[in-house]
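Read through the structure below, which is laid out as structure tokens, and then see the notes.
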Amino acid sequence: MCGIVGYTGSREAAGILVAGLRRLEYRGYDSSGLATVDAGRLHIRKRAGRVRELENLIHRQPAQGSCGISHTRWATHGPASDTNAHPHLGGRLGTAGLALVHNGVIENHASLRRELEAEGFVFASETDSEVIAHLIARALEKTGDLFTAVQLVLPMLEGTYGLGVVSQAHPGLVVGARMGSPLVVGVGEGEHLLASDAAAVAPHTRQVVYLEDGEIVQLTPGKIEIAHRERGPVAPRIDRIDWHPDLAELGHHAHYMIKEIREQPMTLVDACRGRLSRRDATACLGGLNLSPRTLRKIRRIVLVGCGTSAHAALVGEYLIERIAHLPVEVEYASEFRYRNAPLDERTLVFVLSQSGETADALGALREANRRGHPTLAIVNTVGSTIAREARGGVYLHAGQEVGVASTKAFAAQVAVLALLALYLGRLRHLSFSDGLDIVDALESAPGLIEEALKVEPIVKSAAEQIATARTVLYLGRDLLHPVALEGALKLTEISYIPAHGYPTAEMKHGPIALVDRDSPCVFLAPRCSLYSKTLASIEEVRARGGHVITVGTEGDRVLPGLSNTFLPIPDAPEILLPLLAVIPLQLLAYHTALKLGRDIDKPRNLAKSVTVE
Ligand code: AGP
């Protein structure tokens with residue numbers, strides 16, 4: 001999950017590359033570097049740590065040149081260090097005139113490394129990526145042409161790559177190649193950019209070309225040339241991106257995560273915009289590309305995702321089964337793609353992914369497609385690989401989500417799944433009036449989320465209790481079981497406190513062994529059909545001296561007396577409870593991590609888009 005930025009044009013490259021890396025830093029941030037080409041010379045600058053370390057280095061040691069490549073790393077092979085940072089130099093000792101950046105994993109790197117070392121190539125790093133640099137340098141000795149050299153090398157590689165390559169012997173030329181890791185070209189006026197994500201090119205141009213797997217591109221200031229490994233020359237497919245610079249900025253917020261938590265009322269508005277029909281008491285989801293006649297024949301739905309997307313899918317399971325009476329299965333993408341799940345022509349598969357680039361989710365999509373199964377996507381990032389390879393789907397319209405811990409994307413995914421449930425239900429048995437109740441509920445959601453956000457001051461005191469916890473249990477039933485899982489993931493990934501989510505009643509089948517004063521239990525207990533059963537579970541914890549935090553309905557007269565801290569959410573229709581109950585849990589994770597001084601937007605060991613298996 002690294003970030004790549006390349007540039008060739010008439011402007012100085014270094015500043016453009018570093019600014020681009022900053023926009024991609026959420027993809028990986030343990031080290032970074034750049035290479036520029038100027039007057040037949042390569043300038044290499046690289047540093048362990050955040051992009052700001054690289055920026056400081058370049059202020060001290062400028063890297064001239066109007067052509068270059070850069071990289072921010074999420075380590076797969078070799079720890080974060082100056083040496084392992086990209087770019088990697090390719091060439092025999094003392095003659096290295098080529099620099100390469102790589103996103104992905106080369107599975108046969110060890111055998112290729114042995115082959116190259118036997119021919120006298122000396123390796124500087126512990127990475128798999130450096131192998132590619134030397135292979136291209138070796139091919140360049142024969143071809144003299146960088147584009148051809150890259151084309152010769154790619155078939156030797158097993159695994160995934162998004163590559164950027166420059167050479168001191170080829171001023172103004174940037175070569176890129178894509179297999180399994182995203183790459184997009186920014187088409188400017190007399191300049192071209194190359195990046196892992198359109199966010200890095202958007203400040204310079206709205207015109208982009210999304211590279212497909214197997215494609216190689218050569219860029220000069222005035223030319224773009226694409227070839228496919230098997231199919232040969234490819235005409236560039238120019239897309240236009242929709243990007244609003246202010247939306248991607250932090251504004252007055254302390255972190256992207258809290259900004260994105262607070263954006264959720266608008267997220268619901270955007271996710272539902274133009275998709276609710278009061279006239280027909282249903283949802284309008286044109287992107288599914290499947291007729292009502294086809295959809296009526298569906299007898300089973302499989303929802304596939306990773307992490308938070310898998311948790312949203314679990315909410316979707318409850319919603320679709322309850323509203324549309326269709327059986328739903330949720331699968332972790334990494335499991336789905338290898339377990340050969342039985343799929344028949346009446347099964348509809350959806351892949352959920354905020355980034356649209358998650359390798360496991362993409363692998364699941366490709367597996368379903370390979371088996372001849374039309375697969376749909378619910379994604380946030382327009383033009384992402386999953387969005388482009390799916391046979392249709394629904395965009396979240398949540399705007400760029402920068403915080404590594406996913407928040408507003410979860411809300412948008414739940415909203416879209418509720419829309420899907422409504423649409424499928426109204427194709428079947430759901431009455432007009434029941435459909436209208438759901439339309440009303442979804443239209444009320446933004447205001448209710450706004451209300452739920454007011455719990456933040458109380459959450460701050462609860463965070464004091466959580467910050468010293470040995471572990472935390474999150475417990476929820478029915479529609480709130482997935483929210484318990486999501487709350488546990490949020491706390492774990494940004495505070496590093498071990499947290500576990502369970503269906504509430506499961507607590508007595510083992511997890512209750514964890515209950516003591518140092519291991520708080522967070523119960524999701526709003527007014528709903530299973531409220532009284534949850535009260536019984538709370539009493540079980542209290543009887544063992546456990547510390548209890550509850551999320552409940554504003555005005556509840558019982559819960560506050562049973563809780564060390566009571567976190568109120570507004571009363572709401574049951575189908576909205578996941579959208580509301582998750583708010584205090586997101587805020588709890590945020591304020592606990594803040595208290596512990598964690599790096600909230602870039603937690604250790606994580607990355608925003610996991611583009612490796
Ligand atoms: C969520 O907070 C995590 N950062 C992570 O679990 C994430 O949800 C997962 O990697 C899936 O990402 P995607 O939605 O972009 O596919």
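Ligands are counted one by one from 1 in listed order, and the atoms in each one are counted from 1 as well.
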- Item | Side-chain donor/acceptor of Ser355 to backbone N/O of Ser609, under 3.5 Å | no

- Residue Gln354 vicinity, atoms of ligand 1 by number, heavy atom under 4.0 Å: 13 (P), 14 (O), 15 (O), 16 (O)

- Give the residue and atom name of whichever protein heavy atom lies nearest to atom 4 (N) of ligand 1, and the separation in Å to one decimal. Val404 O, 2.8 Å

- Look at atom 10 (O) of ligand 1 and say which protein heavy atom is nearest, naming residue and atom and giving the distance to 0.1 Å. Val610 CG2, 3.9 Å

- Give the atoms of ligand 1, by number and element, whose distance to some non-hydrogen atom of Ser406 is under 4.0 Å. 1 (C), 2 (O)

- Message: Please list, in number order, the atoms of ligand 1 under 4.0 Å from a heavy atom of Glu493.
- Response: 1 (C), 2 (O), 3 (C), 4 (N)

- Counting from 1 in the order shown, the ligand 1 atoms closer than 4.0 Å to a non-hydrogen atom of Thr358 are 12 (O), 13 (P), 15 (O), 16 (O)

- Item | Side-chain donor-acceptor contact under 3.5 Å, Arg598 with Ser495 | no

- Can Ala405 be said to touch ligand 1, with heavy atoms closer than 4.0 Å? yes

- Task: Locate the shortest heavy-atom distance separating Leu314 from Tyr318; write the atom from each residue and the value.
- Result: O-CD1, 3.2 Å

- Task: Could you walk me through whether Thr471 and His500 pass the side chain to side chain donor-acceptor pair (under 3.5 Å) test, one step at a time?
- Result: CA-CA 8 Å; Thr471 182; His500 314 280; 3.3 Å; yes

- Counting each atom of ligand 1 from 1 as listed, which ones have a heavy atom of Thr308 under 4.0 Å away? 1 (C), 2 (O), 6 (O), 8 (O)

- Message: Could you go through Glu486 and Thr308, starting from their C-alpha distance and side-chain angles, then the distance that decides it, and tell me whether this counts as side chain to side chain donor-acceptor pair (under 3.5 Å)?
- Response: CA-CA 6 Å; Glu486 177 59 12; Thr308 290; 3.0 Å; yes

- Task: Determine, stepwise, if the pair Ser309 / Gln413 fulfils side chain to side chain donor-acceptor pair (under 3.5 Å).
- Result: CA-CA 7 Å; Ser309 292; Gln413 287 169 331; 2.9 Å; yes

- Under 3.5 Å, is there a donor-acceptor pair between the Arg73 and Ser129 side chains? no

- Could you list which atoms of ligand 1 come closer than 4.0 Å to a heavy atom of Lys490? 1 (C), 2 (O)

- In terms of heavy-atom contacts, does CD of Glu335 have more than 12 from other residues, nucleotides or ligands at under 6.0 Å? no

- Over all atoms of both residues, closest heavy-atom pair of Cys306 and Asp360: SG-CB, 3.7 Å

- Query: Would you call Cys306 a ligand 1 contact, heavy-atom distance under 4.0 Å?
  - Reply: yes

- Within reach of ligand 1, part of Ala361 (heavy-atom separation under 4.0 Å): neither

- Query: In the protein, which heavy atom is nearest to atom 6 (O) of ligand 1, and how far is it?
  - Reply: Gly307 CA, 3.2 Å

- Message: Please check whether Lys608 reaches ligand 1 - meaning an N/O of the residue sits under 3.5 Å from an N/O of the ligand, judged on distance alone.
- Response: no

